Amino acid sequence: MFPLGVLSQRQKSYNPNLCFGLYHFDGSAGGTLFSDNSPANRTLTGDGAVLWDFGKFGDSSVRIPDDIYDKAVCHSCYDVGNSDFTFELFFLFNFDFGQALKGLIANADNPSTKDWQLYLNGQKIEFGINLQNDGWQTLQHQDNALSSTWNYVKVLRKNGVIKIGLNGVESSSSINVGNQSVSYLANKFVVGGMYYSSPWNGFYPNGYIDELRLNKQAIDGWSVPTAPFAM
């Protein structure tokens with residue numbers, strides 16, 4: 001959806017080898033394989049349809065209907081442990097549809113193995129993480145996401161503090177976890193789904209996701225990107 005040369009650009013503020021997920025969602029509809037351009041090189045499989053002529057950058061995004069999600073096979077790279085991390089993506093969603101809770105990304109497709117997940121609670125963006133000492137903790141951004149534009153969301157853990165930002169606005173809330181680790185339960189990496197409680201509770205976004213990047217490092221700043229992500 002854009003020249004590969006864009007991917008070769010380097011941002012000097014962090015180590016590109018710590019990027020473990022970089023998805024731009026090129027492909028074809030139905031049974032799609034979405035290539036990961038990060039060093040981890042983990043491919044997503046599933047039925048999320050690539051929608052041409054409708055992307056944040058370039059000409060495509062992934063359309064997640066109301067009954068499917070895409071996933072990658074289990075891999076330790078999705079365990080963030082007690083490291084710094086940064087998760088970023090763009091989404092566009094119809095808030096009039098379906099359940100109040102709608103998943104964007106998670107590291108499990110089983111309710112007993114979730115370590116972290118990013119999801120919508122109504123029009124609020126939330127992040128949940130399973131800490132070894134304090135159990136499941138959630139962080140919600142106070143501003144509503146928009147239904148008519150692409151929304152940029154970023155979750156950042158730096159020096160033991162987890163923060164969330166939406167569309168260039170940093171939340172006033174945070175989770176201070178010190179050096180606590182997540183529980184290392186990673187099962188699958190899921191795009192377009194979530195598991196909120198047991199028994200099974202899968203909630204699908206029925207919207208669009210584009211430009212997804214995952215890093216095991218803190219990338220400072222909350223401004224909205226104006227170009228495709230580079231590693």
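No hydrogens, no waters, no symmetry mates; every other heavy atom, side chains included, goes into these values. All of these numbers come straight from a predicted model, not from anything done at the bench.
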Could you go through Ser171 and Gln142, starting from their C-alpha distance and side-chain angles, then the distance that decides it, and tell me whether this counts as side chain to side chain donor-acceptor pair (under 3.5 Å)?
CA-CA 7 Å; Ser171 176; Gln142 292 78 27; 2.8 Å; yes
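- Rounding to the nearest 0.5 Å places CD1 of Ile125 at 11.5 Å from CG of Asn144.
- Here the CG atom belonging to Asn151 is positioned 5.5 Å from the CG atom belonging to Leu166, to the nearest 0.5 angstrom.
- Summarising the geometry, atom CD1 belonging to Ile162 is positioned 13.0 Å from atom OG belonging to Ser173; distances are rounded to the nearest 0.5 Å.
- Within the 4.5 Å cutoff, no side-chain heavy atoms of Leu22 are placed close to those of Leu212.
- Between the side chain of Asn82 and the main chain of Gln180, no donor-acceptor pair closer than 3.5 Å is present.
- Side-chain contact check for Pro225 versus Phe90: some heavy-atom pair is nearer than 4.5 Å.
- The closest side-chain heavy-atom distance from Trp150 to Tyr208 is below 4.5 Å.
- Clustering ILVMFWY residues whenever any of their side-chain heavy atoms sit less than 4.5 angstrom apart, transitively, puts Leu18 in a cluster other than the one holding Leu214.
- In this structure, Arg157 is not positioned above the aromatic face of Phe85 in the sense of NZ or CZ being under 6.0 Å from the six-membered ring centre and within 45° of the axis.
- For Asp84 and Gln217, the side-chain atoms include no donor-acceptor pair closer than 3.5 Å.
- Nearest heavy-atom pair, Pro39 versus Pro16, reported as atom, atom and distance to 0.1 Å: CG-O, 3.6 Å.
- Using a 4.0 Å cut-off between charged nitrogen and carboxylate oxygen, Glu211 and Lys56 do not count as a salt-bridge pair.
- Taking each heavy atom of Arg213 and Asn215 in turn, the nearest pair found is CG-ND2, 3.3 Å.
- In this structure, the separation between NE2 on His141 and CD on Glu126 is 12.0 Å, given to the nearest 0.5 Å.
- Relative to the ring axis of Phe87, Lys154 does not place its NZ or CZ within 45° and under 6.0 Å from the centre.
- Counting heavy atoms from C-beta outward, Glu88 and Phe229 have side chains that approach closer than 4.5 Å.
- At distances below 3.5 Å, at least one donor-acceptor pair connects side-chain atoms of Asn107 with backbone N or O atoms of Trp116.
- Remark: Lys124 NZ to Leu139 CG distance equals 13.0 Å, nearest 0.5 Å.
- Val191 is not listed as a side-chain neighbour of Leu104, based on a closest heavy-atom distance of 4.5 Å or more.
- Between the OH atom in Tyr119 and the CZ atom in Phe91 there is a gap of 13.0 Å [rounded to 0.5 Å].
- Checked by atom type and distance alone, the side chain of Glu170 never pairs as donor or acceptor with a backbone atom of Lys163 at under 3.5 Å.
- Side-chain contact between Ile105 and Leu89 is present, with heavy atoms from C-beta onward closer than 4.5 Å.
- A donor-acceptor distance shorter than 3.5 angstrom exists from the side chain of Thr86 to the backbone of Ile219, with no hydrogens or angles considered.
- For the residue pair Phe20 and Val80, the shortest heavy atom distance occurs at CZ-CG1, 4.3 Å.
- Here the shortest heavy-atom pairing between Cys19 and Ser38 reads O-CB, 3.4 Å.
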Would you check, one step at a time, whether the test side chain to side chain contact (heavy atoms under 4.5 Å, CB included) holds for Phe127 with Gln137?
CA-CA 8 Å; Phe127 177 71; Gln137 301 291 307; over 6 Å; no
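- Two different hydrophobic clusters hold Val169 and Val224 under the rule that ILVMFWY side chains link at heavy-atom gaps under 4.5 Å.
- Using a 4.5 Å heavy-atom threshold, the side chains of Val155 and Leu118 count as touching.
- Asn167 places a side-chain N or O within donor-acceptor distance of the main-chain N or O of Tyr152, the cut-off being under 3.5 Å.
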